[in-house]
Amino acid sequence: MFGCTPFQYHAKERIKQCKFLIETTDLSLAKISDKMGFESYPHFSKSFKEKTKVTPNHYQKIIRNS
C-alpha cells in the first residue's frame, strides 16, 4: 500500500518529524535525537543522512540561513 515495509515507513515518518522539529524549534540536535527515541546522536545523524542526504547539522544550518 505504501510501497515499503512498516519499518521503512516508520523510519521515514520519524525523520520527517525530526525535520519538523529542526525547522520549528530551538531544541538542540542531541535533544531532538533523544526526544525521537534514537539510541544515540551518531545513530540519529546516520539515519538522518541516509534519508535526506545531508547531516542534521547541515540541514539545521540551511534552515537557519534561509
Side-chain angles (χ1 to χ4, degrees):
M1 179 187 234
F2 294 106
C4 58
T5 67
F7 180 80
Q8 290 168 329
Y9 178 78
H10 179 263
K12 185 172 116 180
E13 290 300 309
R14 194 174 180 196
I15 295 299
K16 194 168 154 183
Q17 182 65 29
C18 291
K19 287 173 71 176
F20 176 78
L21 290 172
I22 291 169
E23 293 166 8
T24 62
T25 71
D26 289 330
L27 292 173
S28 70
L29 295 174
K31 288 195 187 220
I32 290 172
S33 168
D34 186 50
K35 181 177 180 74
M36 294 304 299
F38 286 91
E39 297 171 18
S40 64
Y41 179 78
H43 181 245
F44 165 59
S45 184
K46 180 181 176 192
S47 297
F48 192 94
K49 187 171 182 179
E50 285 175 358
K51 300 286 184 220
T52 65
K53 308 299 183 221
V54 296
T55 64
N57 189 38
H58 187 115
Y59 185 76
Q60 187 178 54
K61 286 177 184 175
I62 292 168
I63 292 303
R64 291 193 176 165
N65 289 331
S66 23

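- In this structure, CZ in Phe48 is found 7.0 Å from SG in Cys18, a value given to the nearest 0.5 Å.
- Here the OG1 atom belonging to Thr52 is positioned 9.0 Å from the NZ atom belonging to Lys49, to the nearest 0.5 angstrom.
- A 6.0 Å sphere centred on NZ of Lys19 holds no more than 12 heavy atoms belonging to other residues, nucleotides or ligands.
- The backbone N or O of Phe20 sits nowhere less than 3.5 Å from a side-chain atom of Glu23 that would complete a donor-acceptor pair.
- Among residues two or more places apart in sequence or in another chain, the side-chain contact (heavy atoms from CB on, under 4.5 Å) test is passed with Lys16 by Glu13.
- Remark: His10 pairs with Arg14 by the side-chain contact (heavy atoms from CB on, under 4.5 Å) rule, at least two apart or across chains.
- Between atom OG of residue Ser28 and atom CD of residue Gln60 there is a gap of 8.5 Å, rounded to the nearest 0.5 Å.
- Judged by distance alone, with hydrogens and angles left aside, the side-chain atoms of Thr25 form no donor-acceptor pair with the main-chain N or O of Ile22 at under 3.5 Å.
- For the atom pair CD1 of Ile62 and NE2 of His58, the computed distance is 3.0 Å after rounding to the nearest 0.5 Å.
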Let me have the donor-acceptor pairs involving side chains of residues 29-42, under 3.5 Å, with sequence neighbours excluded, atom names and distances please.
unit_1: Ser33; atom_1: OG; unit_2: Ser40; atom_2: O; d: 3.4
unit_1: Ser40; atom_1: OG; unit_2: His43; atom_2: N; d: 3.2

